[in-house]
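Data first, discussion second: the structure below is written as structure tokens.
First the proteins, then the strands, lettered A, B, ... as listed; each starts at 1. As the structure is a prediction and not an experimental result, all values here were calculated from the model.
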Amino acid sequence: MGGPDREAAPNVPRGRVGMWLFICTEVLLFGGLFLLYSAYRYHHPVDFHEASLELNRFFGTLNTSVLITSSLSVALAIHALGENRKPRTLAFLAVTLALGATFLVVKGFEWGEKFAHGLYPNSPFLDSQSKGKILYFGLYFMMTGLHALHVLVGLGVLSAFLRLVAKGRISAEKPVLLENAGLYWHLVDVIWIFLFPLFYLIT
Amino acid sequence: MESKGAEKPGGPGVYLWVWGILLFLTALTVIAASLHLGRATVAASLGIAAVKSALVVLYFMHLRWEKRLLLKLLLPITLATLAIFIGLTYSDILVRYK
């Protein structure tokens, strides 16, 4: 057998390497969109400034706190799983799901408010605005929409795995699936941590 | 060296601390943005966002306790690649347009 270096991490699941690779591709995907945002912002600073004032900072701050707390609860769920505390794991997963759903509901209200003001991609009102404003709201809906899609996928995965935990198919001995779902959920949190200042705070 | 399996990464105590700091930094970044610091707002917002995501990656995602070199390097390499994309694009944007 190998030396101490090999012994150091004997139980690292292969699946985790694959998950991290996937996470890195997601970082590049959103990184490209961030670059697009900043390049357009450089060309249309005044339009971007005016457009960003239309966003509701309260909703953004609320949703940031909701997602951060959901990250905490999924981390606590995985820790409880490692301690073989199944009811606790299920409870924290349920909290995570509730918080993720809360995020989407708040996001829905926010988008609804924009729609009511005639602000949605290709709307007659938005098309009559300046080029920079059209770009800003195009990027806003594209990036927060793609992120919301990730939240939706995360909720689907986590609720499926909640059932597997209940059935005992995910356990302290076989935690990889839930650990990877946790990594994905944290990634969704990290992406929002950057979307929040980009759209809501920098005006 | 830690004996294998004896020390589990993370734990509720650490997670709660990190969560508290993350919420504090969220409040801080909102306050900083409402002070109208001009260009400094961009630096403050992105700086705080970077610290927050580092906390999530290191503690919630356990990278701080990761022992395997491959997993340690994967994200830094990705971020370096992204930095090259952004750097090269900006070297064009800043020079080509006035």
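For A/I191, no part lies near chain B; criterion is any non-hydrogen pair under 4.5 Å. No part of A/T25 comes within reach of chain B, as not one of its non-hydrogen atoms sits under 4.5 angstrom from that chain. Contact of A/F196 with chain B is made through the side chain alone, with heavy-atom distances under 4.5 Å. Only the side chain of B/T89 comes within less than 4.5 Å of a heavy atom of chain A; its backbone N, CA, C and O stay farther away. Using a 4.5 Å cut-off between heavy atoms, B/L25 does not touch chain A at all. Proximity to chain A is limited to the side chain of B/L70, based on heavy atoms less than 4.5 angstrom apart. Contacts of B/L79 with chain A are made by side-chain atoms alone, with heavy-atom separations under 4.5 Å and no backbone atom involved. Heavy atoms closer than 4.5 Å to chain A are found in both the backbone and the side chain of B/V30. Contact annotation for A/I78: neither backbone nor side-chain heavy atoms come within less than 4.5 Å of a heavy atom of chain B. For B/Y90, the part lying near chain A is the side chain, with the backbone staying farther off; criterion is any non-hydrogen pair under 4.5 Å. When heavy atoms are compared at a cutoff of 4.5 Å, A/T64 approaches chain B solely by way of its side chain, counted from C-beta outward.
Remark: A/Y40 OH is loosely packed, at most 12 non-hydrogen atoms of other residues, nucleotides or ligands lying under 6.0 Å away. Within a 6.0 Å sphere centred on CZ of A/F115, heavy atoms belonging to other residues, nucleotides or ligands number more than 12.
Of the inter-residue distances, the one linking A/T61 atom OG1 with B/L23 atom CG reads 11.5 Å to the nearest 0.5 angstrom. Interatomic distance, CD1 of A/I68 versus OG1 of B/T26, reported as 3.5 Å (0.5 Å rounding). Remark: B/L75 CG to A/L21 CG distance equals 11.0 Å, nearest 0.5 Å. The CG atom of A/D189 lies 7.5 Å from the CG atom of B/L22; values are rounded to the nearest 0.5 Å.
Heavy-atom pairs under 4.5 Å with chain B were tallied for A/C24, A/S65, A/P197; the largest tally goes to A/C24. Contact tally against chain B (heavy-atom pairs below 4.5 Å) for A/G32, A/S38, A/A80, A/G60: the top residue is A/S38. Contact count against chain A (heavy-atom pairs under 4.5 Å) is highest for B/F60 among B/Y59, B/F85, B/F60. Contact tally against chain A (heavy-atom pairs below 4.5 Å) for B/L16, B/T41, B/L74: the top residue is B/L74. Across A/I23, A/L76, A/T203, the residue that shares the most heavy-atom pairs under 4.5 angstrom with chain B is A/L76. Ranked by heavy-atom pairs under 4.5 Å with chain A, the list B/V57, B/L46, B/T81, B/V56 is led by B/V56.
When all heavy atoms of A/A75 and B/Y15 are compared, the closest pair comes out as O-CE1, 3.6 Å.
Annotation: side chain of A/R16 is in contact with side chain of B/E66 (closest heavy-atom distance under 4.5 Å).
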